[in-house]
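In what follows, every heavy atom counts, from backbone to side chain, and hydrogens, waters and symmetry copies are set aside. Every chain is numbered from 1 and lettered A, B, ... according to where its sequence line falls, protein lines coming before strand lines.
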Amino acid sequence: MMASSYSAKEEDGHHPGASGAGGAAANGRKPDNTAFKQQRLPAWQPILTAGTVLPAFFAIGLIFIPIGIGLYVTSNNIKEFEIDYTGTDTSSPCFSCYQNFSWNSTLPCKCSLPFSLDQPFESNVFMYYGLSNFYQNHRRYVKSRDDSHLNGNLYSLTHPSKECEPYAHRDNVPVAPCGAIANSMFNDTMELFFVHPNETRSQIPLKRKGIAWWTDKHVKFRNPGGNGDNLTAAFQGTTYPVNWHKPVYELDADPENNGFINEDFIVWMRTAALPTFRKLYRIIEKKSSMTPTLPSGNYTLEVTYNYPVHSFDGRKRMILSTISWMGGKNPFLGIAYITVGSVCFFLGVVLLLIHHKYGNRSSSPDIAS
Amino acid sequence: MLRRRLNHLFGGDEKRVDSRTIYVGHRQCPGTEAFIAPKFCDNRIVSSKYTVWNFLPKNLFEQFRRIANFYFLIIFLVQVIVDTPTSPVTSGLPLFFVITVTAIKQGYEDWLRHKADKEVNKYLVTVLEDGRRIRKESERIKVGDVVEVVEDETFPCDLILLQSSRDDDTCFVTTASLDGESNHKTHYTVPDTEKDLESLTATIECEQPQPDLYKFVGRMHIYRSDQDPAVRSLGPENLLLKGATLKNTKKIYGVAVYTGMETKMALNYQGKSQKRSAVEKSINAFLLVYLCILLSKALVCTTLKYVWQSRDGQDEPWYNQKTQKEKDAYKFLKMFTDFLSFMVLFNFIIPVSMYVTVEMQKFLGSFFITWDKDFFDPEIQEGALVNTSDLNEELGQVEYVFTDKTGTLTQNNMEFIECCIDGFQYKNRDSCSELDSFCVTDGPVSKLHEKAGREKEELFLRALCLCHTVQVKEAGDMETVSEDQIDGLLPPTEQQKGFIASSPDEVALVMGAMKYGFTFLGLDSKTMKIRNRQNDVELYELLHVLNFDPVRRRMSVIVRSKAGETLLFCKGADSSIFPRVRSEEVDRIRVHVERNATEGYRTLCVAYKQLCTEEYVEVDAKLREARLALQDREEKLMAVYNQVETGMSLIGATAVEDRLQEEAAETMEALQEAGIKVWVLTGDKMETAKSTCYACRLFQRGTELLELTVRTLEDGGRKREERLHELLLEYHKKAVQDAPPAKLGVRRSWVTASQEYGFIIDGATLSLVLNSSPEASSTRYKSLFLQICQNCTAVLCCRMAPLQKAQIVKMVKNSKGSPITLSIGDGANDVSMILEAHVGIGIKGKEGRQAVRNSDYAIPKLKHLKKLLLAHGHLYYVRIAHLVQYFFYKNLCFILPQFLYQFFCGYSQQPLYDAAYLTMYNICFTSMPILAYSLLEQHIAIESLMDTASLYREVAKNATLRWGPFLYWTTLGIFHGLLFFFGVRCLFSNPALQDNGQVFGNWSYGTIVFTVLVFTVTLKLALDTRHWTWINHLVIWGSLAFYVFFSFFWGGIIWPFLQQQRLYFVFANMLSSVSAWLVIILLILLSLLPEILVLVLRKPRGPHRRQKNPGQSSVGGQQSTQASARPLLMRTFSDESNTVR
């Protein structure tokens, strides 16, 4: 495949009769006879022709179609259940909460939604909340945070960046955590109950750890003054965001999951790419290999409805999903792979026909030496 | 051209203040009143542009005058002032980089200039002051100082030579650093000045400084206590120019007349006008398109933003309140700043780095021309020279080549072939014949067995020996003889002698005379010594030299023989001699002259006249008077010359052969095959030029020649204008209307059925065509003429004045379709056309270095033009065209996803990519592969390009930078951009992409798109690369590796200087997701699929085939096959020269 070096050619031809006076004396100005300077670097000169590309097309087809089928099957095997609990519909149990939302109400509005799973969820189940028409990727919103503040920097804690405006100060007291993202943190709480056939309910344990990126939890987000015990003291001199109901150091009882390193908070702080998104809320771990994590049957979702979406026509969803090696349910990849694989295969066949029919003239080797 | 313009410019000056008066040695002269020291500028040379304190503002101002830089500055300022999505750093950093690099480069160059200035200005010179010799710094020389210069020193300012250490009151200088002419020139002291400079009291009156190196007019008044002031004329022969070097002379004294910036050297220090290449025009056109795209994108986004915001709850939802300042902002101002923000967000579509890369490509690429050893000429020990790198790609676009004949097509290495005395032909083929072998019977080929009378013979040979300005190089300093003079040709007995002359014809003639027994021994204080055939030395007093000039086309000398006869010998072109001699003599010689001219020789006629004493006295007086004239000296001299050179009798004619350049015919043939039209523009006469054209195979046997010369015009015996009109129409009918429309790309074959036409026009007719009557007919003539010429395979324009050459070039340049023109020449008379054409090429010939200095590229030989155009030009064009298209493409598919993202983020100008990626994309991730490609790509091997000249047609007419290919690339960019964005968009319909159920955010989205983008764009280039050297491998795989490495690094650390750690571990997390991998691979493949298909389905090209068997293309074998395959034409010099070589 490598072009032969041109050394043979460099010898001949240039100055056979140049034996004139001083020919040897002033050779200093003669250009160097190096391969680079003479543009004669040995080079590989690939030429794509039907002959080389045909096998590649078939290979791509043969590789992609199985991958695609694999992906498609995997995606189809993922169990996913989605329920909209916004309450826009009058028949919805959350309708009153949706309608009568007020920032000032001290009593949380609660609603419970019954649903049933037709098929059991075998492996670990991941519980997501989904929001629609919520522009977490709006520029004003995305930049409204202070990462050094969130990293536990004591100076930033009391001097939030001006990017956080108008959520940097409340009555001249610095807000922690500052910014629009933190301020609008999703604060609906959801609880899941299995309704036994005998109408008794048992709460399904939801794991609240392991939902955020490991690096975010352990490096990027840090409580001021280290992850010490006395968070209340660490956040002295700051106040909580205007739309919150409680300070940041009361997010969770577990000190490993409180303050800035609260995983719900960290998950929320990773802004979504699109206005319709889902975020991981809880994990339902498989307890034993014998019973499914979520057996088929009736369930109730208890929602503490704190988060208003009415004003911007938003929607709220709860999603239960199992996860495969490729992530959540998404048939796109599988279909795309199958399509591309088939197209390649088809092209391969077409090219083969063309090549076979008119190939005689280009029957020579396809790669120039 | 330039000089002419400058003359014009300074001519005005001259009229305002006529002349300056200089007091030699600052001594007051009797007769003048109070001595007022005139104020002249000091002798400091300032060639630097900047000083320490004005460097920054001045340089910045110069740089921001470039439209592109200014645009980026505006974008940067917008980013600083307005709240924009990307930080000012993203566009400020590249701009800063570009500006800094340019400033450093210019600063360094200026520092070098400062250093050179200082070296010149601080140089110690010896000045005579009040009888003492004082050493002082060169910059402190004042006008009027008497300066001493010793051998091999350069003159510190323009001096009038007062005294020389040589006996004959001359000195020798070389002006190599001024005009590149390396021969020694003789300068003369002012006649009859006192030997004692102490007692010399004189004033010099001379014109104000002007840049023409060869013009000087002055007058010296010498005051002696006992006499009236004597007046001496001063000419350029008395003026020693700053920058020239004293040679062969121990020391001289001179008085400074022009100093510092008023010296001719400084006045000549002018930058050349900048030429812009066609590619740059294409870039600008594309830029405009992209600017429109940019503006419309910003406009669409702004409009949609306000439409979207007008819906309830979208502008300011509770979770995303505006700051008080934003709320207060005036609505229309807000709209405007939104528009600007979008502009800034999308401004990467016009990348600052493209300009840097293009500049770098051009600069570095031009090295390949200088490095090319095929351009190295062992004779002059020099290779090609690149004066400007801006026009590399233009070499691949040439449609018209205008070539000079003498020195370009021919070697300008004259050899005396034969002479004709009194109508009898003398031919001496054997160059090493004995001294006494001068008789016709010895000549092996002569058919005429008679010869002219002995007196005539001797008179003719004496004329040859006397009528010239040749100098004899003294024995002893042979080492300084420039090699390209006539060393090798000397007969063994005269080995120690060399001749130096400004024109090789003269040397050839003197050598010719020597062969026939008359040897010129030298000029010794106005006495010319000749050794005649009897080995006696004859002495002639040289009275006057009537110099050669191209307008008169002749030169004369007036000498007085020992016997007291005053003789005028004149030699010159036949057209300028014939009207001045008796017509009956003419007839006998004309036959020979014309026959010689058809054979391609240069002919000169020799005439003489005897001046009686009265006549001479009158002539002498007139000449002296004219020489003393301070104004219009040239015109006056010319008038006297014309007056003197009349009534002569013709004694003979000479024929000097100017051999064709090596491979001239092959080169011309290749150029024609490449679809380039070759026009020969020469000052020579038609017959000579025509035969050269035949020899170069510009005209073929079957070519029908359309002549439009003075001769054809006068044929009909009618008015010239009418005849011209008639002929033009006739030719037009023949060549344009009746000719079958030439199909584009049809290869010219040797057995073509269609008639080929050659066109010949001469200078007089051309001026008739170009500036005939003031009516509309002149433009009509012009267009007719142009149409005829464009349909001819070759055009010959003879008897051209330099300015006419430029006129023709200009006419073609401005004709329909504005074809790219190239001028090639070697002499000062070609400078105007070299400057006029799009690309000017100088041949490092023997007529000095003026052409080289004014050219864009200089090559040692004509034959190098073939490789320069067919190989280098073609490759450079393809490279830069690809570079430009690729740059626009890669930025389109870079920015398109960003634009599409606006539809999903509420038109909030949220960037899709991180700022680091935005900045680095063009600087680091994708710049090196394209730079390497644009330097190294050889889509067709150089050998194939050289072998198959018709490949040049593939890129003709800006083929790969026209709208078609541009549209293709743009479509490709749009396709890729759409694919990247929506592919990832589909993936993100469920952002839970990791196997632990965690979700990806917006920065992951951007990073996936960006990764696909970088890989696709780089691999697209890899697909286009036909020539993979290790450098290509290194930069292509290297930049991909660098991207991955950088992304890890950038995301791996909490950067303290960053406000937001947006990319913290985003890349690593992306790589931990199988889905992300799969989508990246899928999208890259899908993007490249159409490209691969196009590549496969495009029909395989011939040249690729050929390079498979490199053994076939050995240089020697090919030439022989070519030579034998072609019909042997008349008398081809080139075949001869091939064998001699």
Side-chain angles (χ1 to χ4, degrees), chain A residues 12-13 15 17-18 20-23 26 29-31 33 37-39 41 43-45 47-50 53 126 135 137-142 147 161 165-166 180 184 213 215 220 270-275 277-280 311-312 323 325-330 332-333 336-337 340 362 368-369, chain B residues 85 313-314 317-321 323 368 371-373 376 378-379 381-383 483 904-906 908-910 986-995 997-999 1001-1002 1005 1026-1029 1059-1061 1064-1065 1069 1073-1075 1078-1079 1082 1086 1092 1095-1096 1100 1104 1107-1108 1114-1116 1141:
Chain A
D12 65 8
H15 40 251
R29 272 191 287 178
K30 185 171 170 145
N33 191 6
K37 290 188 174 181
Q38 300 307 319
Q39 304 194 63
L41 282 176
W44 172 53
Q45 291 162 326
I47 295 166
L48 290 173
T49 57
V53 175
F126 295 79
Y135 283 85
N137 57 3
H138 195 280
R139 179 161 73 93
R140 200 164 59 228
Y141 188 80
V142 169
D147 275 346
S161 148
E165 292 291 350
S184 60
W213 289 13
T215 46
K220 194 173 170 183
R270 182 153 294 281
T271 48
L274 299 166
F277 59 90
R278 63 172 73 174
K279 280 182 189 288
L280 190 52
S311 60
F312 54 88
I323 285 291
W325 50 274
M326 60 169 280
K329 192 181 184 82
N330 192 354
F332 160 72
L333 264 182
Y337 263 81
V340 171
S362 56
S369 60
Chain B
Q314 300 296 9
W318 65 265
Y319 58 85
N320 193 10
Q321 302 279 318
T323 58
F368 284 118
W371 283 337
D372 195 327
K373 75 178 165 55
F376 181 78
E379 233 174 90
Q381 292 289 313
E382 269 179 80
E483 232 101 83
F904 295 89
C905 71
S908 60
Q909 301 120 23
Q910 169 63 24
C986 288
L987 186 75
F988 266 71
S989 57
N990 182 352
L993 290 170
Q994 281 181 290
D995 56 2
Q998 293 171 359
V999 293
N1002 64 325
Y1005 190 110
R1026 294 270 76 82
H1027 189 81
W1028 284 82
T1029 65
Q1059 285 244 313
Q1060 296 198 8
Q1061 314 294 336
Y1064 187 68
F1065 265 78
N1069 264 308
S1073 157
V1074 182
S1075 294
L1078 288 173
V1079 86
L1082 176 84
L1086 202 56
I1092 296 170
L1095 274 176
V1096 173
H1104 293 301
Q1107 68 204 30
K1108 278 175 213 155
S1114 92
V1115 181
R1141 182 171 70 100

Query raised in the report: Shortest non-hydrogen contact from B:Tyr319 to A:Ala180?
Result: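 Minimum heavy-atom contact is O-CB, 3.6 Å.
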Query - Heavy-atom pair with the smallest gap, counting every atom of A:Lys37 and B:Phe368 - result: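 It is O-CD2, 3.7 Å.
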Select one option (side chain, backbone, both, neither) describing which atoms of [X] are under 4.5 Å from chain A's heavy atoms.
X	result
B:Asp372	both
B:Ser1073	neither
B:Leu987	both

Query raised in the report: Does B:Cys905 reach the side chain of A:Arg139, with side-chain heavy atoms less than 4.5 Å apart?
Result: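 B:Cys905 vs A:Arg139: side chains apart.
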Query - Student check: side-chain heavy atoms of B:Ser1075 and A:Asn330 closer than 4.5 Å - result: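 Counting from C-beta outward, B:Ser1075 and A:Asn330 never come under 4.5 Å.
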With no hydrogens and no angle check, is any side-chain donor or acceptor of [X] less than 3.5 Å from a backbone partner on [Y]?
X	Y	value
A:Asn137	B:Phe904	yes
A:Gln38	B:Trp371	yes
A:Trp213	B:Val999	yes

Query - CA sep, side-chain torsions, deciding dist, call: B:Asn320, A:Tyr135, side chain to side chain contact (heavy atoms under 4.5 Å, CB included) - result: CA-CA 9 Å; B:Asn320 193 10; A:Tyr135 283 85; 6.0 Å; no
Requested in this report: Could you please spell out the steps behind the side chain to side chain contact (heavy atoms under 4.5 Å, CB included) verdict for B:Asn990 and A:Phe332?
Outcome: CA-CA 10 Å; B:Asn990 182 352; A:Phe332 160 72; over 6 Å; no
Return the option, out of [options], with the maximum number of heavy-atom pairs under 4.5 Å with chain B.
options	result
A:Gly328, A:Pro166, A:Pro275, A:Ala272	A:Pro166
A:Lys220, A:Glu165, A:Lys279	A:Lys220
A:Val340, A:Val53, A:Thr215	A:Thr215
A:Arg278, A:Met326, A:Lys329	A:Arg278

Requested in this report: Applying side-chain contact (heavy atoms from CB on, under 4.5 Å), name anything that partners A:Ser311, two or more places apart in sequence or on another chain.
Outcome: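 Checked A:Ser311 against side-chain contact (heavy atoms from CB on, under 4.5 Å); matches are B:Trp318.
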Query raised in the report: At what distance, to the nearest 0.5 angstrom, does CH2 of A:Trp325 lie from CD of B:Gln994?
Result: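 CD of B:Gln994 is found 14.5 Å from CH2 of A:Trp325.
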Query raised in the report: When rounded to the nearest 0.5 angstrom, what distance separates CD in B:Gln910 from CZ in A:Arg140?
Result: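 Rounded to the nearest 0.5 Å, the CD-CZ separation comes out at 12.0 Å.
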Requested in this report: Sequence neighbours left out, what passes side-chain hydrogen bond (donor to acceptor under 3.5 Å, both in side chains) with A:Thr271? Give chain and number order.
Outcome: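 Checked A:Thr271 against side-chain hydrogen bond (donor to acceptor under 3.5 Å, both in side chains); matches are B:Asn1002.
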Query raised in the report: Quick one: of B:Ile1092, B:Leu1086, B:Leu1078, who has the most non-hydrogen atom pairs under 4.5 Å with chain A?
Result: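 Answer, by heavy-atom pair count under 4.5 Å with chain A: B:Leu1078.
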